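Presented below is the structure to which this report refers.
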Amino acid sequence: MEKKVVLVVMDGVGKSTTGLGDAVTQANTPTLDKLLAECPHTYIKAHGTAVGLPSDEDMGNSEVGHNALGCGQVYSQGAKLVEEAIESGAIFSSAAWKELAANCVKNASAMHFIGLLSDGNVHSNIHHLIALIAGAKREGIKTVRVHVLLDGRDVPATSALVYVDMLEDAMKRLNDASFDARIASGGGRMKITMDRYFADWDMVKRGFDTHVYGEGRQFASATEAIGTFRTENPGVIDQDLPAFVIAENGKPVGAMHDGDSVVLFNFRGDRAIELSMAFDDADFKGFDRGDMPKVLYAGMLEYDGDLHLPKRFLVEPPKIEHTLTEFLVGKGVNEYAVSETQKFGHVTYFWNGNRSEKFSDKLETWQEIPSDKVTFDQRPWMKSAEVTDAVIAAVKSGEYGFIRCNYPNGDMVGHTGNLDATIIGVEAVDLGLARLLPVVKEAGYALVVTADHGNADEMLEKNKKGVVSVRTAHSLNPVPFIVYNADCEIADGEFGLSNVAATVAKLMGYSPDPHWNAAIIK
């Protein structure tokens, strides 16, 4: 085979094993049904150890998924890297940790921790935070303040109090006459701080002002804040809760001051970059930071290796080498990558092994289609039509040997918890595929259809008591892998996302890089 290849990532579209809230099956998907009925296909693993996470109880996500798709190998990722560094003690001997800790001891100042409060293991893990707080006490730091971002996305939708209680209990055990750790501020992850791809600087500013200056609605505790918001807005889920500030006698307990240290304990990069820029960049222009206190800032990881952001970080990231893009650039292949803003970084930065820069400005073309700034259940079709238009134009141009795109609908709409809207989102992706098939066929391309993880396939969950509730997190389900318009057979064996790179190379007539995992086709 010497085919040009189009690869489609149906973000968040897995194969349900429970049937609970399965928007993929409930959707009208004649094109996907046709492909599964007529084309070589299988289902591949997209979570846990298959994408470098600690265990198969860990959900995959778009970042590690696109890393695996783009590099053809499995690297230790986020949570696993941090766990290894904590277990070995390396995190506490890192230059960044030592500098920040010494700064607090010298100035008798506070160490602040900002991050997502859950054990979802996608952006963060509460156990990492607790280990860092204990480490701060061992260093002789006397004051710790925690700024909690509430999840409800990678964990059950209204589970915030579980994690608040867990953190409060851990700090209570650590607190004594010489050590004071408290929650200082917080809010839902989709309301403050954790924007990505520069889509909404106002969201970052709301979080910045809340965490740094203690500006916002005041409460006596995080528990009181969450309870009040839920009473005022019945049905609201954790990710959408407003910002809050913990105060005593009308004054915030955790506003930042000159000489403080700040750690962003999230390990995933996409939603950490903008806040890191706000703390690190001397010529920052994202928003007015006001009279910002002079603090030392570090991230859990280096969130962008090319921009060296942040300047200080606690754990070295994986050095990803031998990517598919690098391989194809070496063969002189023109490549094209497109998605809308929400997943543009996934088909570029994460696909290329956490690189902001192209391997070749001449051979790589990237196109970003701006996402709508509305909640995704309001427009569940998102920009699927525009992404499809762009892929069709790229195919018809005849310029590109490898084209890749991401349809974010199954993931981004799935995260809202709105089953009806997610069904529409899945149907919009299917319509995009319907438009692609004849164009791909006529141009002689092979089409590979897969996903980076599940989400839309499992939007309800049942607890141990048999109560069914909304699920907004990713699933642990396998994802489809389909080859259209190519004479091939699926090989024997079990496969994961890291087997896709070799498959693409084989379809294109190349011998796969020996560093990669085996191809899925014979």
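Position 1 is the first residue of the sequence; numbering continues from there. Worth saying up front: this structure is predicted, and the values here are computed from it rather than measured.
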Under a 4.0 Å N-O cut-off, is there an ion pair linking [X] with [Y]?
X    : Y    : result
E340 : R379 : no
K191 : D238 : no
D411 : K343 : yes
K45  : D56  : yes
R206 : D202 : no

- Item | Contacts of D165 that satisfy salt bridge (Lys or Arg N to Asp or Glu O under 4.0 Å) - sequence neighbours left out | none
- Single hit among V236, I237, L241 for side chain to side chain contact (heavy atoms under 4.5 Å, CB included) with Q239: I237
- Ring-ring centroid check F208 F287, cutoff 6.0 Å: yes
- Message: Can you confirm if the aromatic rings of Y303 and F313 lie within a centre distance of less than 6.0 Å?
- Response: no
- Item | Residue pairs involving residues 235-278 (criterion ring-ring contact (aromatic ring centres under 6.0 Å, His included); sequence neighbours excluded) | H128-F267
- Item | Modelled atom types, side-chain donor and acceptor of T375 and Q378, under 3.5 Å | yes
- Taking atom NZ of K15 as the centre, report whether more than 12 heavy atoms of other residues, nucleotides or ligands fall under 6.0 Å from it. no
- Task: Apply the test side-chain contact (heavy atoms from CB on, under 4.5 Å) to residues N121 and L53: give CA-CA distance (whole Å), side-chain angles for both, the deciding distance (0.1 Å), then the verdict.
- Result: CA-CA 8 Å; N121 252 15; L53 298 173; over 6 Å; no
- Message: Check whether F92 forms a cation-pi arrangement with R138 (NZ or CZ under 6.0 Å from the six-membered ring centre, at most 45° off the ring normal).
- Response: yes
- Enter the distance from F350:CZ to E63:CD here, rounded to the nearest 0.5 Å. 4.5 Å
- Task: Start with the C-alpha distance between S159 and D151, add both sets of side-chain angles, then the distance that settles side-chain hydrogen bond (donor to acceptor under 3.5 Å, both in side chains), and finish with yes or no.
- Result: CA-CA 8 Å; S159 58; D151 194 346; over 6 Å; no
